[in-house]
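Have a look at the structure below before the remarks.
Per chain, numbering begins at 1; letters A, B, ... match sequence-line order.
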Amino acid sequence: MARRALGRLGHLLFVLWAVSSLTFILFRLTPGDPTLNFLSPSFSEETRAALLKGFGLDKPLWEQYFIYMNNLLHGDLGQSFLQGKPVAVLLADALPNTVLLTLVSLTAAYAFGIVAGAFLAFRRGGVVEAVSIPAALATRAAPEFWLGMLLLAALAFQTGWFPTGGALSPGREMNSFADRFVSADFWWHLALPALTLMLYLQGLPLLLMRATMLEVLNDEFIVMAKMKGLSRWSVVMRHAARNALLPVVTAFALGLGASIGGNVVVETVFAWPGIGRVLVQAVQSADYPLAQGAFILIAASLVTMNTAADLAYAALDPRVAVGAKR
Amino acid sequence: MRSASAILRFFRSEPFAVIGGAIYGAIVLVAIFADGLAPYPPKAILRVGARVARYLPMSADHWLGTTSSGRDVLSQLIWGTRAALAVGLTAAVAVVAIGTVLGLLSGYLGGWVDKIITWFADIVLGLPFLPSMLVLASLTRPGTLVVILSVAGLLWPNTARVIRAQVLSLRERAWVEAARVTGCSTGRIMFVHVLPQVLPLAALYGSVAIGWAILAEASASFLGFGDPDTMSWGVMLQEAYANQALSRGAWNWFAPPGAALMAMVLAGFLISRGSEKLLFPKLAEQ
């Protein structure tokens, strides 16, 4: 177990290094130099040179790479071109909003998906299955931002039940994240984006839970439980469901990593001040340090959660030969 | 008569796949006959008398009403099928081609080739899909080409992994051994003998990749990184969102393009689910 964990950790570090190097290369592919995008033409050549120097862009590429890597290791992501604040500060402001949105919607989606999936495995065939499986597939097929637009039009603009965007009502200021967390206004704003994501995300756990349940129901220990004369419901819920949860737990961890980056469109639709929206705005306004920082943060969470999912799976399922040769 | 009953039998056993196929068939037909079917040119600014026909509700003249700039929604929707098919098919073919070839090489050759490809796949899987596409689009030139390249460059590892696993088991079969003994070159065994065996699986992944590609194009367009000159469903949704269609309750404008996107992606899911049973009969027994 320890060896496998170490191996996965080494692999994680390798991928993190590769992804951040790739990011470095990617952001230097830009035609021209980045200052052209935010300098007005009236700036003198000296101002431009001073700015280049300030951002360390006058040095040779390999030196820039080492500075970049060194800064990254120290959590220094540079200064935003446009907002004049450190990128790390801007990201730290946005991250809790994204994490909260992701956690709330994923938890709701998986709670619903697990129960509904187990129920569908319990009741095979018939009208319920014929309707609910295509419905689950359809919610996965719909573009997330369109689901958001439908909910926004129906529940915010037409009925006025929910706010039309943002994280707080206009004029309200929150000093700390803790203040925000206990404010009803914040949760009221969270409701629609979270509902959108939940609708989009529930299909996967539902289908996964149903499929693994059907598989588990054929296992020997289930036959045994049946022979012991336990009720069908008890067999399904207490014996089968527990074992069927494994892949679902793994998918949850993977989903956590993926949604932090995947929230991009939903955050944009609802003007939710999270990492995804920061990335979109930074990219649209050619604020490269900020875009680069947001991108690295999103990629790092994805890679880390992938490793976590892998380890969780190995830890939870004794059947996975730990450290076994592939 | 016989073929009709065969179709009926297929429909009974694989209703999902048939419905998915029917949706695709309909979209292809609409795309081919878009010029004839669309009641107006998709970008024409229509007028009522001297005024621009903005935000018209649904009517006999405009089945799905008009946009904020006086364009016919139904005509745009019909023309959108072409963009969706073009992006979806190109990207899916690219994903499947890259994934299949790399999976085949990695699984059949093993050794350091396998190691390098697997490493490479792991790195690509560490790149978040939409953010990577946005960054690529902003650093180069926004448009359809970037979308297709991103989909191809970022989604191949999923196909490659499955193909690799399949090839690992195929290469131990007796007929591969037989081909080797008769003196077939490695390349010939891989591409003439093994490749055809994994193509159905590759096609399965392709039908899902079409959906991902179309959703990727729609998301990119919605975020402003698509090609504004292409008449795509994503561009329609972006225009609707940016021009207060939501606050005006112009459902006739923003509901249809999303529904069309959903239908097309769903068709891919349904086909892959249906053909999964044909390809892996063991699953069907459960």
What part of [X] gets within 4.5 angstrom of chain B, counting heavy atoms only: side chain, backbone, both, or neither?
X: A/Q292; result: neither
X: A/L22; result: side chain
X: A/A300; result: neither
X: A/A142; result: both

Would you please name every residue forming a ring-ring contact (aromatic ring centres under 6.0 Å, His included) with A/Y200, sequence neighbours left out?
none

Return yes when atom [atom1] of [X] has more than 12 non-hydrogen atoms of other residues, nucleotides or ligands closer than 6.0 Å, and no otherwise.
X: A/Y68; atom1: OH; answer: yes
X: B/W212; atom1: CH2; answer: no
X: B/F120; atom1: CZ; answer: no

Carefully, step by step, assess B/L223 and A/F145 under the rule side-chain contact (heavy atoms from CB on, under 4.5 Å).
CA-CA 10 Å; B/L223 296 171; A/F145 62 88; over 6 Å; no

What pairs with B/R171 under salt bridge (charged side-chain N to carboxylate O under 4.0 Å, His left out), at least two apart in sequence or on another chain?
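Partners of B/R171 under the salt bridge (charged side-chain N to carboxylate O under 4.0 Å, His left out) test: none.
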
Using a 4.5 angstrom heavy-atom cutoff, name the option from [options] with the most pairs to chain B.
options: A/T23, A/I133, A/L16; answer: A/I133
options: A/A291, A/A294, A/A153, A/S301; answer: A/A153
options: A/L147, A/L152, A/T268, A/L150; answer: A/L150

Residue that, paired with B/L127, satisfies side chain to side chain contact (heavy atoms under 4.5 Å, CB included) out of A/L302, A/V303, A/V19
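Looking at A/L302, A/V303, A/V19, the match for B/L127 under the side chain to side chain contact (heavy atoms under 4.5 Å, CB included) is A/V19.
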
Within the 4.5 Å heavy-atom criterion, are A/F295 and B/L134 side-chain neighbours or not?
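In short, these two side chains do not touch, never coming nearer than 4.5 Å.
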
Measure the shortest side-chain to side-chain distance between A/F14 and B/D122 over non-hydrogen atoms and say whether it is less than 4.5 angstrom.
no

Contacts of A/W161 meeting side-chain contact (heavy atoms from CB on, under 4.5 Å) (sequence neighbours excluded), chain-then-number -> A/L155, A/T159

Under a 4.5 Å heavy-atom criterion, the part of residues 255-268 of chain B in contact with chain A comprises B/A255, B/G258, B/A259, B/L261, B/M262, B/V265, B/L266

Should B/F222 and A/V269 be marked as a side-chain contact (heavy atoms from CB on, under 4.5 Å) after you check the CA-CA gap, both sets of side-chain angles, and the distance that decides it?
CA-CA 9 Å; B/F222 180 70; A/V269 172; 3.5 Å; yes

With rounding to the nearest 0.5 angstrom, report the CD1 to CG distance, A/I298 to B/L130.
9.5 Å

Heavy atoms only: give me the nearest A/V264-B/P131 pair and the separation to one decimal.
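Looking at all heavy atoms of both residues, the closest pair is CG2-CG, 4.1 Å.
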
Determine the minimum heavy-atom distance between B/L125 and A/N306, stating which atoms define it.
O-ND2, 4.1 Å

Is a donor on one side and an acceptor on the other found under 3.5 Å between the side chain of A/W146 and the backbone of B/F254?
yes

B/F129, part contacting chain A, at a heavy-atom distance under 4.5 Å
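Neither part, no heavy atoms under 4.5 Å.
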
